[in-house]
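Notes for the one structure printed next.
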Amino acid sequence: MFNMALHVGSTQRPEAVLFWVMAPMAVLAALGMLLVKKAVHSALLLAWVMITLAIFYIAEDALFLGIVQVVVYTGAVMMLFLFILMLVGVDSSDSLVENIKGQRPASILAALGLGGLLLSLIARAVTNVDAVGLTTANTAGNVQGIAQELFTRYVWAFEVVSALLITAALGAMVLAHSERKHTSQRQLSVDRFRQGSLAQTAGLPASGVYARHNAVDVPALLPDGSAAPTSISPTLQARGDIIESAPFELAPSVEEEN
Amino acid sequence: MFTSPILDYSLLAPILIILAGALIGVGVEAFARKEQRAPLQLGIALVSVVASFVQLLRVRNVRSLKAAIDSVAFDGATVFMQGSILVLAFFALLLIADRGNFVAQASAIPGSQDEHSSIAEGKSQTEVFPLTLFAISGMMLFAAATDLITLFVALEVLSLPLYLMAGLSRRRRLLSQEAALKYFLLGAYSSAFFLFGGAFLYGYSGSLSLTGIATAIDVNSGNDVFLLIGIVFLMVGLLFKIGAVPFHSWTPDVYQGAPTPITGFMAACTKIAALGAMLRIFYVALSADVVMWRPIVTVISIITMLVGAIAALSQRDVKRTLAFSSIAHAGFLLTGIIALNQSGLKASLFYLVAYGFATIGAFAVVTLVRDSAGEVSDMNRWVGLGKKSPLIAGAFCLFLLSFGGIPLTSGFIAKFSIFTAAYESGNTTVVVFGVLTSAIALFFYLRVIVMLFFTEPKSDAVTVSVPSLKVKLVLAASVIVTIVLGVYPSLLLNSAQSFASFLR
C-alpha cells in the first residue's frame, strides 16, 4: 500500500511525508462530518477537509486550484453554510427517525459495497502507473496554462456558464423576494376613516376586560354588554383557543330580571 | 502565444438568440410595469424561439466541428434535435402562458395571508419565461456538445431552471416544493456522478473531447479500469436525466408536483436533449468499446421498460401514470442506443419527435380537466369524461394510443422503426422484451380509454374547461402531428434519415 501511494506521480520524499500526515486527517474529518450529530461541527469538519484538499492541490503543483479552493470553498461557500446554520439555529440537529424501515443499514451496506468496489478497482488500476502530463501542462506556468485553456479551447463553455449564474440569481429572486407594499402610518389612518363605517376608526377593541379573565383569549365587551369577537387575534380564533364568553356577557334579559 | 479563438457565430446563433431572448426577459422583469410583463414575456419568448428556428433552417446544410473551437458539433443530428426542441418548446411556451397554472408569488408561504393577498392582487411569476428560455438554450447545447466540459455546463444550464420551475405550481404547493427539492438534490447528485465519470474518462484517454476518447479507445492506450468506471458513472448522470430505472425514482414525484405545463415541457424537451447527448456520447466516443457497455445498457433498457409499464398499471393519478409511461418510453428509446447503427439513430430522432408531441398534447389535456379547486389529476374522477367532452377525451385517447403504439398513430411507426433498428443490429432480446412490455402498457392505456368512454360519469363537479386559444393550438398541433406521422410517416422519416449522422 505504502509503495503504491509513493509511486503515483513519482512522489518526492517531502511530498510523501506531507501526504501521509494529511491524508489520514482528511479521511477522518470526512468520516466525522458524516457521523457527528451537530450541523456546525459537521460544517467545520467539512471546512477542514477542503483546506486539506487545497494543501494537496498546492503540493501537486496546481497552485491556482489550491488558492481557488481556499478562497471560494473554504472562504465563501463555507461561510455561507455557517451563515445559514446560524439562521436555522445552531442547536437544531437532524431528525434521525427512519421513515423507511431498515433503510439505514441497507444504505450503509450499499455504500460500503460501492466504496469497496471502487477502492479495489482504482487501487488495481493505479498500481505501477506513473502520472504523466503535469510538466507539459505547467510549462507556461500554472495560472497561464489555465488562462490559455479557459480563454481559447473552452471559451464557449466559459461564456455559457454566465447563463447559469443569471439563472441562479433569477431563481433566488423568484424563491425569496417578495414585493411588500409598504403602507405608512398616515395611509393606514386615512384607510381607517375611509372604510365606510366609523365604528373602528379608533382601532379594534382590546381583549380581556373581565375581572377573572383579563387574558388575550377572552373577548372584550362592547358598551351594550355583548362580546366583541374582533377583539381577539385572528390567530387565536383560527386555533380555537378562545374562552366561551357567554357566561360573562351582560345579556339584556339578565338585566331586566334584576 | 495567445491566439484568439474563432467562433462560428452563424452556427451558434440558434443558441445565442435564445440566450439573448432570456436576457431581454430578465430586463423586462426589472423595468417593465407589472401588467405589461406577461404579454411582453410571452412575445419575447415566442419571437426568440421562432427566430432561432429560422436561423437553424438557414444553416441546416452546414456541417462543421468548429462551431465553437472543438466544443460544439454542428451536424445533421444537431440540426434535427435542436429543431425539434425548438418546435416542441414553442408549444410548451403556449401552454405555460395559459392562465392559472403557476403560483402567484413563490416566496409566499403556502396557505399564508401573504399568499391570499398575492392571489387577490392578481400577481404572477412571469420569470418563468426567461427561465424556460435558459432551459431551452441548455437543451440545445446539450444535444450538440462534443466535449465533457461543455456537456456538463449544458447539463447544468438545462437543469437549474427546471429544478426551480418544478416548485412553482399554483395548487398543492407543498407537494410542488417537495418535488422541486427532491429533483434538485437528486439532480445535483447525478451531476456529481457525471463529473466523476468524466474525470475517469479523462484519466483514461488524456482528452476531454468525444473524438479524443474514441481515438484512445481505438489505439487501446489507456487503463481499462478507468474506462469502465468512467463509462458507468457518466451513464448514471445521463440515465438520471432521461429517467431510466434504477435512476427513475424522482420522475413520478416531480411529474406530479411540477406545474403541468412544465411537466409537459420537461417530459418532451429534456428527453430529446438528454437522449441526444447520450446518443452522441455512445455513437461518437464509445462506439469502439461496444462490447463493454452494450450488456449494461441492454439490461437497463429491459428493466426500465418493465418497471415503467408494470408500475403504470397501479397508479391512481394521471400525472404519475404519464410519468411511468415516460419511464417506459425511456426504455424503448435506449434500444436506439443499443442498436448503434444509422437506422437506430434515425429511429430515435423520429421517436423523440413523435413522443414529444403526444406528451405535450396529453399534458395539455390534463390542464383542462378541473373542478372548483383547480386541476383534477385523480384518475377515478376522470370516469366518463368522454361523455361530457368527447373531443378533448378523444384527443387524450389518441395520445394514449400513440404511447401504446397502435397503428395509424405516430407511436406505432416510432416503435416499429426503433425495434427494427435494434433487430438489424442483432439485439433480439431487447426487441422481444420491447414488444412484450408494449403489450402490457397497451392493456393499461385501453383500460383508461374504457374508463373515459364506456363508463357512466359520476355526478361530480369535474368539468373539462373550455380551452383557450393557446391550448387549442397546442392540442390541434399535437393531434395533427400524431395522426399525420402515423398515416404518412415518410414526411418526417425521410428528413430524419437525411439528418441522422454524427460528425466525428
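Since the structure is predicted, the reported quantities are computational estimates derived from the model, not experimental observations.
Using a 4.5 Å cut-off between heavy atoms, B:Y204 does not touch chain A at all. For chain A, the nearby part of B:F200 is the side chain; its heavy atoms alone come within less than 4.5 Å. Interface remark: A:A176 contributes backbone atoms only to the contact with chain B (heavy atom separation under 4.5 Å). Neither the backbone nor the side chain of B:V103 comes within less than 4.5 Å of any heavy atom in chain A. A:F158 does not touch chain B: none of its heavy atoms, backbone or side chain, sits under 4.5 Å away. Neither the backbone nor the side chain of B:L151 comes within contact range of chain A, judged by heavy atoms closer than 4.5 Å. Using a 4.5 Å cut-off between heavy atoms, B:I18 makes no contact with chain A at all. In this structure, chain A has a heavy atom under 4.5 Å from the side chain of B:V26, while its backbone stays farther away. Looking at B:N223, only its side chain comes within 4.5 Å of chain A, counting heavy atoms on both sides.
Around the CZ atom of A:R192, the shell of radius 6.0 Å holds more than 12 heavy atoms that belong to other residues, nucleotides or ligands. The local environment of CD1 in B:I6 is sparse, with at most 12 non-hydrogen atoms from other residues, nucleotides or ligands closer than 6.0 Å. Open room surrounds CD on B:Q113; 12 or fewer heavy atoms of other groups in view lie less than 6.0 Å from it. Under a cut-off of 6.0 angstrom, the local environment of CZ in B:F184 is sparse, with at most 12 non-hydrogen atoms contributed by other residues, nucleotides or ligands.
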Please assess A:Y154 against B:V153 for the test side chain to side chain contact (heavy atoms under 4.5 Å, CB included), listing each intermediate value before the final yes or no. CA-CA 11 Å; A:Y154 293 107; B:V153 171; over 6 Å; no

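At a heavy-atom separation below 4.5 angstrom, chain B is approached by A:I166, A:T167, A:A168, A:L170, A:G171, A:V174, A:L175 within residues 166-175 of chain A. Heavy-atom proximity under 4.5 angstrom to chain A picks out B:L141, B:D147, B:I149 from residues 137-149 of chain B. Scanning residues 47-55 of chain A against chain B with a 4.5 Å non-hydrogen threshold yields no residues.
Most heavy-atom pairs under 4.5 Å with chain A: of the set B:S71, B:A67, B:S4, this distinction falls to B:S71. Annotation: maximal heavy-atom pairing with chain A below 4.5 Å, among B:Y163, B:F152, B:F134, occurs at B:F134. With chain A as partner, the option from B:L19, B:I15, B:L131, B:D70 having the largest number of non-hydrogen pairs under 4.5 angstrom is B:D70.
Here CD1 of A:I122 is found 4.5 Å from CD1 of B:I229. Values are rounded to the nearest 0.5 Å. B:I69 contributes atom CD1, which lies 9.5 Å from atom CH2 of A:W156 (distance to the nearest 0.5 angstrom). Within the model, atoms OG of A:S178 and CD1 of B:I109 stand 9.5 Å from one another, a figure rounded to the nearest 0.5 Å. Atom CG of B:L208 and atom CZ of A:R153 lie 8.0 Å apart (nearest 0.5 Å).
Across every non-hydrogen atom of B:P5 and A:F151, the tightest pair is CG-O, 3.3 Å. Across all their heavy atoms, B:Q105 and A:H177 have their closest contact at NE2-O, 4.2 Å. Nearest heavy atoms, B:T3 versus A:T152: O-CG2, 3.4 Å.
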Show which side-chain atoms of residues 189-197 of chain B pair as donor or acceptor with protein atoms under 3.5 Å away, not counting sequence neighbours.
residue, atom, partner, partner atom, Å
B:S190, OG, B:G187, O, 3.0
B:S191, OG, B:E156, OE2, 2.6
B:S191, OG, B:G187, O, 3.0

